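What you are looking at is a predicted structure, and each value in this text was computed from that prediction instead of being measured. Counting starts at 1 for both ligands and their atoms, in listed order.
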Amino acid sequence: MCPPTYFDVVYEINPWMDLGVPVDASRALAQWEHLRATYEAHGHRVDVIDPVPGLPDMVYAANGGVVVGGRALAARFTYPERRPEGAAYERWLAAAGAGITSLGQATEQNEGEGDLLLAGDVMLAGTGFRTSRAAHAEVAALFGLEVVTLELVDPRYYHLDTALAVLDGGTSPATIAYLREAFSPASQAELAERYPDAVLATPEDAAVLGLNVVSDGRHVFLTDRATGLHDRLRERGFEPVGVDLSELLKGGGSVKCCTLELRPATVPSTTTTTAVLDEEARA
Ligand code: ARG
């Protein structure tokens, strides 16, 4: 995660950003701190990258890259305003430790986990607004994963993580939620065929960025505003954990945008389980 120390809306590169709506910087920081504390209270470790002055969108760490099995790929951003973030995240990933064993060199335009969502053993990959199809091929080659290209058609849902949520990558197929209307007809058909049991989100869920979630397979961290989605998640056996990120919404992001998931090379599963249980006992 990256603290929103320099967060502001000073340019408009998605329909959520409005130069006429002021950002409350201290409120943004308090909301972000609360999200971080919520992860920690649920047994998750949070690493923090230093924010860089002049890069107001750096708080959206999910866009910094993607890490699978200890292999990392840093972002190459679409808009010049965000391009320097790529180098900052690349430096962090190279130095992080955190189970990261190699760093690939991106040559194509990709916005990290904004558009690249690991769903079990396939990578769901968004395109249409930011990440290019050429990047999807690059990701397939680097990670040795099947990449499923999904075309986004609604500018409000410009990143895949605003239109689709991976709830559980451990089931086969993965359990996902998505907004049908955000995808091209061909991609809607692909999703329906691969994920017949998906949770179908409503336009109301999506309009508060309710699909922008982080899930550990049990707890689903998401905006407290997506109350309909909370209900549907509960029906499916998940525990929604609602947080207020109203200030970060002004930049067009929510929970997932603020979170880059680190998937280390090999973690002995017993160690992870113990750590999680210890944390839960303390919480
Ligand atoms: N203002 C940022 C942009 O438009 C928001 C990024 C949100 N991040 C995400 N993972 N969807 O690029």
Relative to the heavy atoms of [X], which atoms of ligand 1 are at a distance of less than 4.0 Å?
X    : value
D57  : 1 (N), 2 (C), 3 (C)
M17  : 1 (N)
G114 : 10 (N)
G252 : 7 (C)

Can a salt bridge be assigned to the pair [X] and [Y] using a cut-off of 4.0 Å between side-chain N and carboxylate O?
X    : Y    : result
E146 : R194 : yes
R76  : E90  : no
R232 : D205 : yes

Criterion side chain to side chain contact (heavy atoms under 4.5 Å, CB included) on L118 and L145, from CA distance to verdict
CA-CA 9 Å; L118 188 68; L145 280 170; 3.7 Å; yes
Below 4.0 Å, non-hydrogen atoms only: which portion of Y158 touches ligand 1? Side chain, backbone, both or neither.
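Y158 to ligand 1: side-chain contact only, backbone stays beyond 4.0 Å.
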Does the side chain of [X] pick up a donor-acceptor pair with the side chain of [Y] at under 3.5 Å?
X    : Y    : result
S132 : Q109 : no
N63  : Y89  : no
T175 : T171 : yes

Ligand 1 N/O within reach of [X] N/O, cut-off under 3.5 Å:
X    : value
G251 : yes
R130 : yes
N212 : no
H159 : yes

Who's the nearest protein heavy-atom neighbour of [atom], and how far?
atom                    : value
atom 9 (C) of ligand 1  : C257 SG, 2.6 Å
atom 12 (O) of ligand 1 : R82 NH1, 2.6 Å
atom 4 (O) of ligand 1  : N14 ND2, 2.7 Å
atom 6 (C) of ligand 1  : N63 OD1, 3.3 Å
atom 10 (N) of ligand 1 : D161 OD2, 2.6 Å

Run through R234, R218, H230, H42 and flag the one making a side-chain hydrogen bond (donor to acceptor under 3.5 Å, both in side chains) with E239.
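It is R218; the other options fail the test.
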Heavy-atom neighbours of R180 CZ exceed 12 at 6.0 Å
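Count not over threshold, so no.
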Compute the minimum heavy-atom distance from F77 to ligand 1 and say whether it is under 4.0 Å.
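No, F77 has no heavy atoms under 4.0 Å from ligand 1.
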Among the heavy atoms of K256, does any lie under 4.0 Å from an atom of ligand 1?
no
Report the C-alpha separation of K256 and E261 in whole Å, then their side-chain angles, then the decisive distance to 0.1 Å, and conclude whether the salt bridge (charged side-chain N to carboxylate O under 4.0 Å, His left out) test is met.
CA-CA 9 Å; K256 173 60 200 166; E261 287 167 70; 2.8 Å; yes
